[in-house]
Amino acid sequence: MDRPMRKIYVAGHRGMVGGAILRQLQARKNAGEALTLITRTHAELDLTSQADVRDFMMSERPDVVILAAARVGGIMANNTYPADFIYENLMIECNVIHQAFAAGVRQLLQLGSSCIYPRDAAQPMAEDALLTGTLEPTNEPYAIAKIAGIKLCESYNRQHGVDYRSVMPTNLYGQGDNFHPQNSHVLPALIHRFHEAARDELDEVVIWGTGKPMREFLHVDDMAEASLFVLDLPQETYSANTQPMLSHINVGTGTDVSIGALAQMVADATGFKGRLTFDSSKPDGTMRKLMNVSRLADMGWQAKIALKDGLQETYDWFLQQETVRS
Ligand SMILES: NC(=O)C1=CN([C@@H]2O[C@H](COP(=O)(O)OP(=O)(O)OC[C@H]3O[C@@H](n4cnc5c(N)ncnc54)[C@H](OP(=O)(O)O)[C@@H]3O)[C@@H](O)[C@H]2O)C=CC1
Ligand SMILES: C[C@H]1O[C@H](OP(=O)(O)OP(=O)(O)OC[C@H]2O[C@@H](n3cnc4c(=O)[nH]c(N)nc43)[C@H](O)[C@@H]2O)[C@@H](O)[C@@H](O)C1=O
């Protein structure tokens, strides 16, 4: 049966995840799905402004909101700018979720993060590990904001009977990533650093921390597909697989790799031939955060893009951007 026309607002469409979601929605629209896609850049609409978000929601009145806008960064950015991470993310979530509700939006999907789980959670981390222990200090402010986002959705669902869903991605990477040397996540930071070292024929590349922490990496195209999969689930299926007080769903690959092994993969992809050294004065953060992805797998979705392939594709994309910039 054909669906009625749906007007979807993608918040954060210029970001890595929002961009990938928009590309997939645009492809569906081009294939004939009845969709109207709405976007605003950060300059056009600051989502930390309650009045501006209210005016926007009231004038556009979308049917569906996908919240992929956030203040995002790696371990160093989180540790250096904790006030920005908690304030901006809380404001964005409160404004977008509440004003969407006030404008009559029945369906919403928001993105959290695997850092919502306790630092010492049993591995792999299942959804019910939420709020069972102490958070990792390097990103606690961001994690608190992300937990608030889940609880906002649950509360509006309980009190108002709307259908607001939350997905919790593991560490993401891919086209549109941020390759900033200090503020980015590990995978794009290492692509940048190893690329420059290979280009300049350096002897050594320094990796932060001990190299021992384990991380799980999901390609952003898989993440976008999973987001739309969760959004499209019939409400009965989503509700049957979640509970009113546990409404979030993990998204990951189910496998992880040490930072040391990841660094070697990046060295190989970039052709770096020198030495890898580890700077243990930099924080390791959580030692392991592998997602238990069985809930999503039971509903019928699993990741497709292998890390080796996704890494090569991301490096190719980085090289294209370098060419555009030069
Ligand atoms: N990247 C990752 O590894 C992970 C990401 N996530 C989550 O996925 C979601 C998307 O992240 P990702 O795509 O990586 O992040 P990006 O930084 O790539 O994109 C975030 C987007 O949000 C926009 N934005 C930020 N603040 C505002 C604001 N005040 N008003 C309007 N727009 C704003 C940014 O615009 P501008 O750049 O112009 O400021 C940008 O377009 C986030 O919720 C993040 O927490 C979860 C786990 C891992
Ligand atoms: C997605 C996730 O992202 C963040 O958590 P994180 O997983 O710790 O993220 P990260 O990618 O920055 O680091 C992963 C590991 O890698 C090591 N590492 C080595 N060398 C570099 C390096 O050059 N840069 C960075 N950033 N890390 C490096 C680093 O020391 C750490 O051990 C949170 O902000 C959190 O809020 C969140 O949600």
Side-chain angles (χ1 to χ4, degrees), residues 10-22 39-49 52-53 56 66-79 81-82 84-85 87-89 91-93 95-96 110-117 135-136 138-143 145-146 149 166-194 205-218 220 223-224 227 251-252 258-260 262-263 266 276 278-280 282-289 291:
V10 182
H13 73 288
R14 282 195 172 169
M16 177 173 68
V17 178
I21 290 175
L22 191 68
T39 58
R40 292 290 185 278
T41 64
H42 190 161
E44 289 165 344
L45 176 63
D46 180 354
L47 296 171
T48 64
S49 162
D52 291 350
V53 177
F56 165 75
I66 299 176
L67 176 50
R71 175 70 183 246
V72 180
I75 192 166
M76 197 65 82
N78 269 268
N79 224 2
Y81 310 108
D84 296 349
F85 276 78
Y87 171 76
E88 291 176 31
N89 287 316
M91 293 300 282
I92 291 171
E93 290 159 11
N95 289 338
V96 173
Q110 65 119 11
L111 283 95
S113 167
S114 59
C115 67
I116 59 163
Y117 294 116
L135 296 165
E136 156 62 29
T138 53
N139 54 37
E140 187 193 65
Y142 172 79
K146 290 293 181 184
S166 301
V167 279
M168 296 302 118
T170 186
N171 294 45
L172 305 172
Y173 71 98
Q175 173 181 339
D177 216 334
N178 166 13
F179 294 86
H180 190 278
Q182 268 79 46
N183 293 337
S184 67
H185 292 102
V186 60
L187 192 148
L190 292 185
I191 285 183
H192 196 163
R193 198 171 308 145
F194 277 102
V205 164
V206 179
I207 294 131
W208 298 355
T210 59
K212 290 182 182 150
M214 304 290 290
R215 291 291 183 274
E216 177 185 8
F217 295 96
L218 180 72
V220 69
M223 184 61 216
S227 300
V251 189
S258 73
I259 295 301
L262 174 79
V266 180
L276 277 58
F278 294 89
D279 175 2
S280 55
K282 296 279 195 314
D284 271 338
T286 314
M287 287 314 285
R288 196 173 186 202
K289 45 176 179 174
M291 292 287 218

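Ligands are counted one by one from 1 in listed order, and the atoms in each one are counted from 1 as well. Residue numbers start at 1 and run along the sequence shown.
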Out of [options], indicate the one that has the non-hydrogen atom closest to [atom].
{"atom": "atom 7 (C) of ligand 1", "options": "Gly112, Ala68, Ala20, Ser113", "answer": "Gly112"}
{"atom": "atom 20 (C) of ligand 1", "options": "Ala70, Ala224, Gly12", "answer": "Ala70"}
{"atom": "atom 47 (C) of ligand 1", "options": "Leu218, Thr170, Asp177", "answer": "Thr170"}
{"atom": "atom 14 (O) of ligand 1", "options": "Met168, Lys146, Met16", "answer": "Met16"}

Which parts of the protein, at residue level, reach under 4.0 Å of ligand 2 through a heavy atom?
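Lining ligand 2: Gly73, Gly74, Ile75, Asn78, Ser113, Cys115, Asn139, Tyr142, Asn171, Ser184, His185, Val186, Ala189, Arg193, Ile207, Trp208, Pro213, Arg215, Ile259, Pro283, Asp284, Lys289.
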
May I ask whether [X] places a heavy atom under 4.0 Å from ligand 1?
{"X": "His185", "value": "yes"}
{"X": "Leu67", "value": "no"}
{"X": "Leu45", "value": "yes"}
{"X": "Asn178", "value": "no"}

Below 4.0 Å, non-hydrogen atoms only: which portion of [X] touches ligand 1? Side chain, backbone, both or neither.
{"X": "Thr41", "value": "neither"}
{"X": "Val72", "value": "side chain"}
{"X": "Tyr142", "value": "side chain"}

Identify the protein heavy atom lying closest to [atom], giving its residue, its atom name and the separation to 0.1 Å.
{"atom": "atom 33 (C) of ligand 1", "answer": "His42 ND1, 3.6 Å"}
{"atom": "atom 8 (O) of ligand 1", "answer": "Leu111 CD2, 3.8 Å"}
{"atom": "atom 13 (O) of ligand 1", "answer": "Val17 N, 2.8 Å"}
{"atom": "atom 30 (N) of ligand 1", "answer": "Leu47 N, 2.9 Å"}
{"atom": "atom 23 (C) of ligand 1", "answer": "Ala69 CB, 4.0 Å"}
{"atom": "atom 3 (O) of ligand 1", "answer": "Leu172 N, 2.9 Å"}
{"atom": "atom 19 (O) of ligand 1", "answer": "Gly15 CA, 3.2 Å"}
{"atom": "atom 29 (N) of ligand 1", "answer": "Asp46 OD1, 3.0 Å"}

Should we say atom OH of Tyr81 is surrounded by more than 12 heavy atoms from elsewhere, each under 6.0 Å from it?
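Counting neighbours around OH of Tyr81, 12 or fewer heavy atoms of other residues, nucleotides or ligands fall under 6.0 Å, so no.
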
Trace of the side chain to side chain contact (heavy atoms under 4.5 Å, CB included) decision for Glu44 with Thr39
CA-CA 9 Å; Glu44 289 165 344; Thr39 58; 5.9 Å; no

Answer whether the closest heavy-atom distance between the side chains of [X] and [Y] falls below 4.5 Å.
{"X": "His13", "Y": "Ile66", "value": "no"}
{"X": "Thr138", "Y": "Asn78", "value": "no"}
{"X": "Ile191", "Y": "Tyr173", "value": "no"}

Sub-3.5 Å donor-acceptor pair from the side chain of Asn95 to the main-chain atoms of Thr48, do we have one?
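Pair found, side chain donor or acceptor close to backbone of Thr48.
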
